[in-house]
Amino acid sequence: MANNIRMKAEHVDFYYGSNQTLKDITLDIYDHAVTAIIGPSGCGKSTFIRLLNRMNELVPNSKLEGVISIDGESIVAEHMDPVDLRRKVGMVFQKPNPFPKSIFENIAYGLKVNGQKDKGLIEQRVILSLKKAALWDEVKDRLHDSALRLSGGQQQRLCIARCLAIEPEVILFDEPCASLDPISTSKVEALILELKKDYTIVIVTHNMQQAARVSDFTGFFYMGELIEFDKTEVIFTRPKDKRTEDYITGRFG
Amino acid sequence: MIKPFITRKHQEKLIEWFFFLNGIVVVAILAGIFMLLLMNAIPAFREVSIAHFLSKPIWNPDAYDQPTYGLLPMLVSSLMVTVGSLVVAIPLGIGTAAYLSDVASPRVREIAKPAVEILAGIPSVVVGFLGIVLVGPVISKLTGTYNGLNALNGSILLAVMALPTIISLSEDALTSVPRSYEEASLALGASRWQTVILVKIPAAASGILAACMLGMGRAIGETMTVLMATGNAAEFPHSFLGPVKTMTSTIAIELGEVAYYTTHFYMLFAVGLILFIITFIINLISDIIFHKHTRLQ
């Protein structure tokens with residue numbers, strides 16, 4: 001795979017108050033590929049992914065050192081507004097979090113806050129996003145029902161559709177299947193593989209099989225450090241570090 | 001073994017009764033007040049019909065030949081100052097609540113929240129005093145009216161008094177909106193203000209509505225402030241710049257000098273009963289909305 005580097009983390013340290021949760025992370029995220037971040041709970045993998053769209057700025061007393069860049073530009077550069085960044089770098093959260101609005105409104109929301117006023121266009125994009133997220137057939141007859149009445153798996157796909165609607169370039173998945181049943185999980189995984197064609201994807205997961213199934217690159221985080229980063233098949237077949245091997249063979253975690 | 005004077009089982013029962021009685025006292029007081037108002041209101045309608053009371057546009061109990069006891073002037077007055085106060089207090093209150101919950105730094109919040117609560121504790125007579133010496137002259141200057149003691153003045157003062165309720169309950173409602181909604185909105189490229197206005201306020205709508213209803217209940221029952229600041233002319237109110245005499249002021253002013261056990265005396269209880277019913281309904285509605293809201297969380 002001849003991939004270009006899309007996002008880059010260089011010597012990233014992150015602190016919550018005086019507690020350092022990420023230590024000297026250097027990692028490249030390749031275009032049109034799925035990068036998986038694995039590691040045991042509390043290893044900093046969610047913290048890392050939330051840095052990529054500046055969600056962690058909402059946490060009081062947090063501090064970022066080092067450089068994270070997208071297309072060669074620092075994401076905290078003067079002219080880089082977090083709002084603009086998040087339009088480019090979308091995110092799907094661990095727990096499905098649809099708004100308490102209708103299915104239609106959930107997806108239209110992102111378009112509306114981004115200044116889209118053309119009703120016809122909004123409708124087209126809602127339908128297209130639902131189709132891309134493989135949810136259209138299940139909800140096409142009840143677009144104006146509350147999104148909260150969907151099942152967990154459907155809600156998560158709705159959240160993916162909502163994210164796709166604003167046409168981001170990078171999509172961050174923060175343990176997207178953590179609260180889903182196996183069937184919904186396989187649907188979401190199939191979707192991620194499909195989306196890889198058009199988007200750059202980063203996925204945090206504590207499910208190693210999932211990382212092996214969907215990703216092209218894998219980074220193993222442990223205690224706030226990036227222990228190893230390589231092509232997924234290398235990580236899962238010939239890990240260089242003893243700790244990576246112990247983790248993927250299930251000796252701890 | 002000696003049998004104790006009171007067995008444990010009886011002891012439990014006694015304690016249970018004690019707390020039951022405590023609980024029931026509040027309900028009994030409420031029912032008692034209602035009965036008192038009702039019993040004293042009924043004799044008012046021996047000489048005057050209920051239709052007269054509810055439809056006559058004049059309240060003139062002292063008329064020499066034909067006293068009239070029309071509720072409408074004071075009912076409209078009360079509604080005018082209440083609605084007027086809400087027009088001021090609701091946007092200001094929700095705005096302040098949104099500021100406190102989403103924009104203010106922790107330090108500002110630490111100072112502002114107690115300030116809001118202290119505002120709630122200012123005696124109504126002090127607020128009324130401000131109405132006479134401050135708000136009144138300002139209104140008089142700006143509008144060219146005689147003394148500025150009118151419905152507008154009362155509305156502004158009642159808004160000040162309803163604000164703490166609206167702010168602190170709305171703030172609670174906004175703070176209890178799940179963080180995941182906020183994150184979802186921000187992650188979609190919405191700004192903080194878009195998030196507050198389009199996601200958080202709608203999600204907290206029932207809590208905010210309940211807050212406004214409680215603020216309204218506070219405003220409609222307030223007496224001393226409106227008594228001092230609204231001019232108290234017993235005429236049918238025509239505009240916000242004219243003096244009004246609310247239900248509460250009427251009772252407060254006239255009950256002190258009315259001859260006991262006359263129709264006028266009983267009529268004042270009838271007015272009180274109406275006021276009681278209005279505030280009871282407002283509180284009941286806000287309670288229902290509020291419980292629906294907390295159940296959804």
Side-chain angles (χ1 to χ4, degrees), chain A residues 46 49-50 52-61 81-102 105-116 129 146-148 155-156 158-168 170-174 179, chain B residues 94 97-113 170-211 288-297:
Chain A
S46 277
I49 199 175
R50 290 166 66 92
L52 298 179
N53 68 342
R54 293 176 64 175
M55 279 315 264
N56 272 343
E57 274 176 17
L58 306 172
V59 181
N61 299 322
D81 190 67
V83 169
D84 294 331
L85 176 70
R86 289 173 194 145
R87 283 170 195 180
K88 229 194 248 186
V89 184
M91 183 167 223
V92 175
F93 294 84
Q94 183 168 353
K95 231 178 110 206
N97 57 353
F99 301 119
K101 301 173 188 277
S102 73
E105 282 300 323
N106 258 280
I107 301 173
Y109 178 81
L111 300 168
K112 286 178 184 166
V113 296
N114 287 299
Q116 185 56 256
S129 311
S146 168
L148 300 180
Q155 287 189 2
Q156 193 62 302
L158 177 67
C159 292
I160 295 173
R162 184 172 69 180
C163 176
L164 296 177
I166 56 167
E167 300 186 325
V170 181
I171 304 178
L172 311 173
F173 287 90
D174 185 3
S179 60
Chain B
I94 296 176
Y99 170 76
L100 286 177
S101 75
D102 288 83
V103 184
S105 67
R107 179 170 296 174
V108 171
R109 191 159 38 223
E110 258 167 50
I111 297 167
K113 280 206 80 172
S170 300
E171 208 252 351
D172 289 347
L174 284 171
T175 316
S176 68
V177 170
R179 200 181 163 71
S180 65
Y181 292 169
E182 194 179 342
E183 289 189 336
S185 172
L186 292 171
L188 288 168
S191 68
R192 272 163 79 188
W193 275 114
Q194 285 173 325
T195 302
V196 171
I197 293 165
L198 298 172
V199 174
K200 291 194 77 176
I201 289 179
S206 54
I208 292 173
L209 197 60
I288 291 168
I289 298 170
F290 202 72
H291 276 98
K292 204 178 118 206
H293 170 70
T294 42
R295 221 184 20 246
L296 281 175
Q297 295 300 318

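Everything numeric here is computed off the predicted structure, so don't read it as measured data. Order of the sequence lines fixes the chain letters, A, B, ..., with proteins taken first and strands second; residue numbering starts at 1 for each chain.
- In this structure, no portion of A:R54 lies under 4.5 Å from any heavy atom of chain B.
- Smallest separation of non-hydrogen atoms from A:F93 and B:A184: CE1-CA, 3.9 Å.
- Once rounded to the nearest 0.5 Å, the distance linking OG of B:S191 with CG of A:N114 reads 10.0 Å.
- Screening A:N106, A:I166, A:L111, A:V83 for a side-chain contact (heavy atoms from CB on, under 4.5 Å) involving B:L188 leaves a single residue, A:I166.
- Considering every non-hydrogen atom in both A:N53 and B:A187, the closest pair reads ND2-CB, 4.3 Å.
- How far OH of A:Y109 is from CG of B:L198: 5.0 Å, rounded to the nearest 0.5 Å.
- With a 4.5 angstrom heavy-atom cutoff, A:K88 does not touch chain B via any of its atoms.
- In this structure, OG on B:S185 lies 9.5 Å from CZ on A:R86, to the nearest 0.5 angstrom.
- Contacts between A:P168 and chain B at a heavy-atom distance below 4.5 Å are absent for every atom of the residue.
- Counting only distance, with no hydrogens or angles, the side chain of A:N97 and the backbone of B:Y181 share no donor-acceptor pair below 3.5 Å.
- Within a 6.0 Å sphere centred on NZ of A:K95, heavy atoms belonging to other residues, nucleotides or ligands number 12 at most.
- Contact record, A:V113 with B:Q194: O-NE2, 3.0 Å, taken as the closest heavy-atom pair.
- Summarising the geometry, atom CD belonging to B:E183 is positioned 8.0 Å from atom CE belonging to A:M91; distances are rounded to the nearest 0.5 Å.
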